[in-house]
Participant: 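First the structure, then my questions, so here it is.
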There are 2 protein chains.
Amino acid sequence: MNMSSSIPGAQMVGRLAKVLRAVSTSMPEGSSTIQIARVVDLPRPTVHRLLSALTEEGFCDHDHRKGLWLLGPEVYLMGAVAAERYDITSIARQHVEALADATGESAFLSARRGDETVCLLRQDGSFPIRSFVLYEGKRFPLGVASAGLAILSFLDGDAIDRYLANHSLVVEHGESHDVDTLRQRIVQTRTHGWSLNPGLIVEGSWGMGAAVFDPSGQPAWSLSLTGIESRFSAARRPEMGRLLLRHAHELTKKLCH
Amino acid sequence: MNMSSSIPGAQMVGRLAKVLRAVSTSMPEGSSTIQIARVVDLPRPTVHRLLSALTEEGFCDHDHRKGLWLLGPEVYLMGAVAAERYDITSIARQHVEALADATGESAFLSARRGDETVCLLRQDGSFPIRSFVLYEGKRFPLGVASAGLAILSFLDGDAIDRYLANHSLVVEHGESHDVDTLRQRIVQTRTHGWSLNPGLIVEGSWGMGAAVFDPSGQPAWSLSLTGIESRFSAARRPEMGRLLLRHAHELTKKLCH
DNA sequence: ACGGAAGCGTCCGCGTTGTGGACGGAGGGA
DNA sequence: TCCCTCCGTCCACAACGCGGACGCTTCCGT
């Protein structure tokens, strides 16, 4: 979200983007006008206007009975066209499924999108107790959750410094996300090769992640696992870490060809 | 595209929608600024500004070397979220494939989007000469091509009248698309149950289509076949029509549950 | 039943912000 | 070299997006 763009028209587009993202995040139930207004921090009439205009163009849809706004068909259509360029999920799916099979936990593919990660794929494992902190479409800032930490940890040092200087994660994500603690966890992630989220978002919901690199060597995606604390014991973590790294490495190789 | 909306903000959103659709239509190669400006009939600087703002938000991407604008990752991400609500292609795929197998022609699923159809699925058959007039993402006005004619033909009489009164298809699609000729072809389509495009868009490229109905009984999709003229002989058409109607009917039933 | 809170959608005067003609630069072809 | 086409940028101006206020509806608690 660029707050200081010099491009005329960028304010409107930025607002539309925020509104669409809020709607997207609230799928499949959708959101009310006021909920979206709170999320995007804009006056309700403004949000209502934007949503109405988006609905006229098919980018949103309005369930009048429930008063909920949803993504519209136009988003789906364009998304399908864009998939040809952006979709690595067909390649990654077998890895996500293999991770879920081997560990019994829920396995994920997340992608870096600027300063955030967004979950693209989820495959549940055989263990019947599952964490739903992460799911398709869910976004977290870099450094939050195992996927975001894995990606952040393998950015260039300058990029890490810039990100940490410009983002304060404590308010929304707790003291465990202050800069000093994050730096320690970055060091640990680089040492192990995999990241650990020891219940820092929701108590009892643990996760591990490994970065997947794009052809230019930048961490652009992450494979991760989530589950309950007892399934992420210190004895089990090295094995899970090895599995994650193996699949992340194989996926990275596939994406370079 | 609503030209007389009373919603403030609708002009801007409408312009953005047109620009995004133009980019989407030009995928996977993308388009130059001036190409999009011509398609959407807006001044080039305006288009450049809109595209730049959309690119800042991730809805478009700019290949600086080639000067081409493409759909951005945000469209893909939201599209994947919206797919949960709008995607019937997984259900329809087996029908499209079965049609291609049985006939040897290219088979399609198209969806109605307001006054247009858009192609969602394409499956090529075994016959090695194929028409590429229709492909995923391609849009035609209702009444044009076999899919659009199939859907238009089974709308309510009032809706057909309104559409024909408000749209002149002759300029872009030829004299064969004047109102009187379209009405005759609508009568024929209703009689047979399937529509025929006898090389009216590109000479030698023929097509047949059948409407698929949504739970409220409205024609919302179409299954169609395209190929070369010699493959759509008068002797073969009843059999192909029967196949189309059978699959359209089965798909319609699946969509009602 | 009544009152309050919360949310809904709409309105319209105002001023913020989007607009596009003009400009200079780049690239390609004759 | 000249011409054509396209590129991205600029900034004065007014078009159009904005949002406080309004009236209405629904839900909940007393």
Side-chain angles (χ1 to χ4, degrees), chain A residues 1-23 25-27 29-72, chain B residues 1-23 25-27 29-72:
Chain A
M1 185 57 59
N2 192 325
M3 295 295 187
S4 54
S5 173
S6 58
I7 302 172
Q11 187 192 42
M12 182 71 163
V13 175
R15 288 180 162 188
L16 289 165
K18 284 178 77 173
V19 167
L20 269 173
R21 285 192 195 104
V23 174
T25 299
S26 73
M27 293 293 282
E29 291 79 28
S31 279
S32 67
T33 318
I34 193 66
Q35 285 171 333
I36 297 175
R38 289 200 194 104
V39 168
V40 304
D41 194 28
L42 286 173
R44 180 171 54 79
T46 301
V47 170
H48 188 269
R49 278 194 302 98
L50 297 178
L51 286 164
S52 297
L54 286 167
T55 298
E56 269 197 359
E57 296 298 338
F59 288 95
C60 284
D61 201 8
H62 194 209
D63 181 333
H64 290 279
R65 187 173 50 87
K66 296 184 186 172
L68 300 180
W69 301 89
L70 303 128
L71 285 182
Chain B
M1 184 59 63
N2 193 323
M3 295 295 187
S4 54
S5 172
S6 58
I7 303 172
Q11 185 190 46
M12 183 70 162
V13 175
R15 286 180 165 188
L16 289 166
K18 284 177 79 172
V19 168
L20 269 173
R21 283 192 197 106
V23 174
T25 298
S26 72
M27 292 293 281
E29 290 81 27
S31 279
S32 67
T33 317
I34 192 67
Q35 285 171 333
I36 298 175
R38 288 201 195 105
V39 168
V40 304
D41 194 28
L42 286 173
R44 181 174 52 82
T46 301
V47 170
H48 187 270
R49 278 193 303 96
L50 296 179
L51 286 165
S52 298
L54 286 167
T55 298
E56 268 197 0
E57 294 299 336
F59 287 96
C60 284
D61 202 7
H62 194 209
D63 181 334
H64 290 279
R65 187 173 50 88
K66 296 183 185 171
L68 301 179
W69 300 90
L70 303 127
L71 285 182

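Every chain is numbered from 1 and lettered A, B, ... according to where its sequence line falls, protein lines coming before strand lines. As the structure is a computational prediction, the values presented were derived from the model and not from experiment.
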Participant: A:M12 CE to C:dT16 P: how many Å, rounded?
Facilitator: 17 Å

Participant: Measure NE2/B:H62 against C1'/D:dG8 and give the value in whole Å, please.
Facilitator: 9 Å

Participant: Does any part of the side chain of A:M12, heavy atoms only, come nearer than 4.5 Å to the side chain of B:V13, both counted from C-beta?
Facilitator: yes

Participant: Name the nucleic acid region contacted by B:P43, choosing base, sugar-phosphate or nothing; use a 4.0 angstrom heavy-atom cut-off, strictly under.
Facilitator: sugar-phosphate

Participant: Figure out the CD/C1' separation between A:Q35 and C:dA6, and round it to whole Å.
Facilitator: 12 Å

Participant: Separation of B:H48 atom NE2 from D:dC10 atom P, in whole Å?
Facilitator: 11 Å

Participant: Using every non-hydrogen atom in the two residues, find where B:F59 and A:A17 come nearest and quote the distance to one decimal.
Facilitator: CE1-CB, 3.5 Å

Participant: Mapping A:R44 and B:R44 to their closest nucleotides on DNA chain D, which lands nearer the 5' end?
Facilitator: B:R44

Participant: Rounded to the nearest 0.5 Å, what separates atom OG in A:S32 from atom CG in A:D63?
Facilitator: 12.0 Å

Participant: Please give, in whole Å, the distance from C:dG20 P to B:L51 CG?
Facilitator: 14 Å

Participant: Would you classify A:T33 as touching base, sugar-phosphate or nothing, given that sugar-phosphate means primed atoms plus P, OP1 and OP2, and contacts are heavy atoms under 4.0 Å?
Facilitator: sugar-phosphate

Participant: Is A:T46 near enough to D:dC18 that one of its side-chain N or O atoms lies under 4.0 angstrom from OP1 or OP2?
Facilitator: no

Participant: Grab the CG-C1' distance between B:L50 and D:dG8 for me, whole Å please.
Facilitator: 14 Å

Participant: Take atom CD of B:Q11 and atom P of C:dG20, then tell me their distance rounded to the nearest Å.
Facilitator: 8 Å

Participant: Over how many whole Å does the gap from B:L42 atom CG to C:dT19 atom P extend?
Facilitator: 9 Å

Participant: Within the 4.5 Å heavy-atom criterion, are A:T46 and A:R15 side-chain neighbours or not?
Facilitator: yes

Participant: Toward the 5' end of DNA chain C, which comes first, A:V13 or A:S32, by nearest nucleotide?
Facilitator: A:S32

Participant: Any chance you could measure A:T33, atom OG1, to A:L50, atom CG, to the nearest 0.5 Å?
Facilitator: 11.5 Å

Participant: Please state whether the phosphate of C:dG20, meaning OP1 or OP2, lies under 4.0 angstrom from any side-chain nitrogen or oxygen of B:R15.
Facilitator: yes

Participant: Using the closest heavy atom to pick a nucleotide of DNA chain D for each, name whichever of B:P45 or B:R38 lands nearer the 5' end.
Facilitator: B:R38

